[in-house]
Protein chains: 2
Amino acid sequence: MTDIRWLDETEMAAWRAFLSTSHLLERRIEEQLKAAAGLTHPQYEILVRLADAPGRSMRMTELARGVVVSKSALTYQITQLEKAGLVERATCPSDERGVLAVLTDAGRRCLERVAPGHLEVVRAYLIDRLSRAELETMTTAMTKTERALRT
Amino acid sequence: MTDIRWLDETEMAAWRAFLSTSHLLERRIEEQLKAAAGLTHPQYEILVRLADAPGRSMRMTELARGVVVSKSALTYQITQLEKAGLVERATCPSDERGVLAVLTDAGRRCLERVAPGHLEVVRAYLIDRLSRAELETMTTAMTKTERALRT
DNA sequence: GAGTGCTTGTTCAAATCTGAACTACTTTTC
DNA sequence: GAAAAGTAGTTCAGATTTGAACAAGCACTC
């Protein structure tokens with residue numbers, strides 16, 4: 001057994017701040033999206049990813065990885081978005097098993113309508129409060145962790 | 001109407017990295033806690049907060065605010081932890097409406113048993129990958145956002 | 001080119017989360 | 001000190017999440 005490595009004060013402060021802030025921000029974002037468009041945050045992220053993707057479409061698994069939800073959660077959400085007319089399913093030409101989630105025109109318009117208000121929140125609570133240097137440090141820090149977790 | 005303020009490349013990179021990383025890390029932590037002790041992350045956080053609190057107890061609302069969950073989610077989780085014998089409810093002496101969540105001895109032992117493995121994950125993916133300067137920048141950055149969101 | 005093992009996406013049951021409605025108590029106001 | 005307004009915690013219904021089990025298609029081996 002190795003020694004227990006507790007967190008010192010600096011480490012604990014960083015971890016606690018990160019944890020609380022990510023949850024608080026998540027809640028605030030959910031609230032804003034729900035009020036503005038009846039969307040959940042995962043749903044919004046799905047629309048964003050699809051809008052950025054070539055052909056406005058992505059494979060289910062790839063999309064799930066991007067949005068960071070389970071495959072079953074994605075299946076559920078795509079079904080919801082399909083009901084709302086914002087996304088469609090198409091069969092993948094190269095792989096018979098595959099399913100493509102495709103952004104509809106209504107989906108694109110919805111995103112264009114919702115994005116500004118969403119970004120206002122992201123700015124108001126996070127981005128606009130940080131200096132350029134802080135933004136860059138955050139990116140490198142987060143990216144290290146992300147890479148480690150994507151393996 | 002004000003102009004739409006999109007995020008530039010630096011801002012978007014920071015936001016995307018923060019978002020993905022927080023979700024990925026959350027998932028990894030859930031997985032570890034579930035495997036090691038059958039606890040969810042909110043449950044673990046409840047135990048930590050109670051262990052740090054004077055009298056190893058806290059009011060429900062205060063605890064909900066700390067852990068960043070809704071009051072109803074806390075009610076649910078405290079009930080679960082009570083069934084597991086890790087927490088007890090007590091009536092608040094100063095306020096007849098109030099309920100105190102109190103950490104039991106079993107709860108304290110559980111936390112002592114689980115904490116090292118949990119902290120290993122927090123270290124392995126986040127803390128140990130960051131320099132002292134990065135940790136400090138992250139704390140100040142996150143704290144700004146947290147303060148704004150706690151108002 | 002049949003067999004074995006992966007990968008894909010869905011379905012399912014169980015757990016959890018949220019906000020709204022509610023009851024009961026406290027605090028403020030006049 | 002009664003009435004009004006606010007706060008604490010629970011209950012409830014509905015939405016969402018997850019992992020496990022599954023069916024179907026791909027890909028590699030010999």
Side-chain angles (χ1 to χ4, degrees), chain A residues 22-46 50 57-84 87-102, chain B residues 22-46 50 57-84 87-102:
Chain A
S22 64
H23 288 162
L24 284 165
L25 190 50
E26 189 65 43
R27 281 167 76 79
R28 183 70 191 83
I29 286 171
E30 286 284 354
E31 183 188 17
Q32 191 275 327
L33 285 172
K34 188 81 73 184
L39 289 175
T40 66
H41 194 194
Q43 286 171 350
Y44 177 85
E45 279 298 312
I46 289 168
L50 290 179
S57 68
M58 272 199 219
R59 289 288 294 273
M60 295 294 277
T61 298
E62 188 192 6
L63 191 47
R65 252 195 278 278
V67 178
V68 189
V69 290
S70 66
K71 286 185 300 171
S72 40
L74 185 67
T75 293
Y76 175 77
Q77 287 298 357
I78 291 294
T79 303
Q80 297 307 108
L81 290 170
E82 222 174 5
K83 283 180 196 162
V87 163
E88 283 172 355
R89 272 183 238 246
T91 51
C92 178
S94 61
D95 187 338
E96 198 61 29
R97 298 165 301 178
V99 171
L100 283 175
V102 188
Chain B
S22 64
H23 288 163
L24 284 165
L25 190 50
E26 189 64 43
R27 281 168 76 79
R28 182 73 191 81
I29 287 171
E30 285 285 353
E31 181 187 21
Q32 191 275 327
L33 284 172
K34 188 79 72 181
L39 290 175
T40 65
H41 193 194
Q43 286 171 350
Y44 178 86
E45 279 298 311
I46 289 169
L50 291 179
S57 66
M58 272 198 218
R59 288 289 292 272
M60 294 295 276
T61 298
E62 188 192 7
L63 191 47
R65 252 195 278 276
V67 178
V68 188
V69 290
S70 65
K71 286 185 302 171
S72 41
L74 185 67
T75 293
Y76 174 77
Q77 287 299 354
I78 291 293
T79 304
Q80 297 307 108
L81 290 169
E82 221 173 6
K83 284 181 195 162
V87 163
E88 282 172 356
R89 272 182 236 246
T91 50
C92 178
S94 62
D95 186 337
E96 198 63 28
R97 300 165 300 178
V99 171
L100 284 175
V102 187

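Labels below follow one simple rule: chain letters A, B, ... track the order of the sequence lines, proteins then strands, and each chain is numbered from 1. As the structure is a prediction and not an experimental result, all values here were calculated from the model.
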**Student:** Look at the side-chain N and O atoms of Gln80(B) and state whether any lies under 4.0 Å from the OP1 or OP2 oxygen of dT16(C).
**Tutor:**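 For Gln80(B), the contact criterion (side-chain N or O under 4.0 Å from OP1 or OP2 of dT16(C)) is met.
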
**Student:** Mapping Lys34(A) and Gly98(B) onto DNA chain D by nearest heavy atom, which one lands closer to the 5' end?
**Tutor:**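 Taking each residue's closest nucleotide, the earlier one in sequence belongs to Gly98(B).
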
**Student:** Establish whether the base of dG19(C) is bridged to the side chain of Ser72(B) by a donor-acceptor pair shorter than 3.5 Å.
**Tutor:**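 Check passes, donor-acceptor contact within cut-off.
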
**Student:** Answer yes or no: does a side-chain N or O of Arg97(A) lie under 4.0 Å from OP1 or OP2 of dC6(C)?
**Tutor:**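 Negative; the distance criterion is not met.
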
**Student:** What is the distance, rounded to the nearest whole Å, between atom CD of Glu82(A) and atom C1' of dG9(C)?
**Tutor:**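 The answer, rounded to whole Å, is 13 Å.
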
**Student:** Write down the distance between CE (Met60(A)) and P (dT11(C)), rounded to a whole number of angstrom.
**Tutor:**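 After rounding, the reported distance stands at 10 Å.
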
**Student:** Would you say Arg28(B) has more than 12 foreign heavy atoms packed within less than 6.0 Å of its CZ?
**Tutor:**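 Enclosed.
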
**Student:** Taking the minimum atom-to-atom distance to the side chain of Asp95(B), which one of dT10(C), dT26(C), dT18(C) wins?
**Tutor:**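 Looking only at side-chain atoms, Asp95(B) lies closest to dT26(C).
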
**Student:** Can you tell me how far C1' of dT11(C) sits from OH of Tyr76(A), to the nearest Å?
**Tutor:**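 Value for this atom pair: 14 Å.
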
**Student:** Hey, which sits more toward the 5' end of DNA chain C by its nearest nucleotide, Arg65(A) or Thr40(B)?
**Tutor:**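 Of the two residues, Arg65(A) wins.
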
**Student:** Check whether any side-chain nitrogen or oxygen of Gln77(A) sits under 4.0 Å from OP1 or OP2 of dT17(D), and answer yes or no.
**Tutor:**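 Result: yes.
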
**Student:** If you check the Val69(B) side chain, which of dT10(C), dG9(D), dT18(C) turns out closest?
**Tutor:**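 Between dT10(C), dG9(D), dT18(C), the one nearest the side chain of Val69(B) would be dT18(C).
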
**Student:** Using the side-chain heavy atoms of Ala73(B), tell me which of these nucleotides is nearest: dC17(C), dT10(D), dT16(D).
**Tutor:**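 Per side-chain heavy atoms of Ala73(B), the pick is dC17(C).
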
**Student:** Using a 3.5 Å distance criterion without hydrogens, assess whether the side chain of Glu82(B) forms a donor-acceptor pair with backbone atoms of Arg89(B).
**Tutor:**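 At least one qualifying donor-acceptor pair exists.
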
**Student:** Look at the side-chain N and O atoms of Arg27(A) and state whether any lies under 4.0 Å from the OP1 or OP2 oxygen of dT18(C).
**Tutor:**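 Checking Arg27(A) against dT18(C): at least one side-chain N or O falls below 4.0 Å of OP1 or OP2.
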
**Student:** Compare side-chain N and O positions of Arg59(B) against OP1 and OP2 of dG9(D) and report whether any pair is under 4.0 Å apart.
**Tutor:**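 The answer is yes; a side-chain N or O of Arg59(B) sits under 4.0 Å from OP1 or OP2.
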
**Student:** Would you kindly give the CG-to-P distance between Leu74(B) and dA8(D), to the nearest whole Å?
**Tutor:**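 Rounded to whole Å, this separation is 13 Å.
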
**Student:** Which atom pair, heavy atoms only, marks the closest approach of Met58(A) to Leu63(A)?
**Tutor:**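 Of all heavy-atom pairs spanning Met58(A) and Leu63(A), the closest is SD-CD1, 3.8 Å.
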
**Student:** Quickly work out the Glu26(A) CD to dT18(C) P distance and round it to whole Å.
**Tutor:**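 It works out to 11 Å between those atoms.
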
**Student:** Between Ile78(B) (CD1) and dG9(D) (C1'), how many Å, whole number?
**Tutor:**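 Value for this atom pair: 12 Å.
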
**Student:** Looking at the side chain of Glu96(B), which of dT10(C), dG9(D), dC25(C) is the nearest nucleotide?
**Tutor:**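 Nearest to the side chain of Glu96(B) among the choices is dC25(C).
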
**Student:** Please give, in whole Å, the distance from dA15(C) P to Gln43(B) CD?
**Tutor:**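 Gln43(B) atom CD is separated from dA15(C) atom P by 12 Å.
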
**Student:** What is the distance, rounded to the nearest whole Å, between atom CD of Glu30(B) and atom C1' of dC17(C)?
**Tutor:**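 In whole Å, dC17(C) C1' lies 12 Å from Glu30(B) CD.
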
**Student:** Any salt bridge linking Glu31(A) with Lys34(A)? Criterion: basic side-chain nitrogen under 4.0 Å from a carboxylate oxygen.
**Tutor:**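 Between Lys34(A) and Glu31(A) there is no salt bridge, as every charged N stays at least 4.0 Å from the carboxylate O atoms.
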
**Student:** With DNA chain C as reference, determine whether Arg89(A) or Ser70(B) sits nearer its 5' end, using the nearest nucleotide of each.
**Tutor:**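 Looking at the nearest nucleotide for each, Arg89(A) comes out on the 5' side.
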
**Student:** May I ask you to test the Asp95(A)-Arg59(A) pair for a side-chain heavy-atom distance under 4.5 Å?
**Tutor:**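 Counting from C-beta outward, Asp95(A) and Arg59(A) do come under 4.5 Å.
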
**Student:** Rounded to the nearest 0.5 Å, what separation is found between the NE2 atom of His23(B) and the NE2 atom of His41(A)?
**Tutor:**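 Atom-to-atom, His23(B):NE2 and His41(A):NE2 are 6.5 Å apart.
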
**Student:** From the list dT10(D), dT10(C), dC26(D), which nucleotide is the closest neighbour of the side chain of Lys71(A)?
**Tutor:**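 Side chain of Lys71(A) sits closest to dT10(C).
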
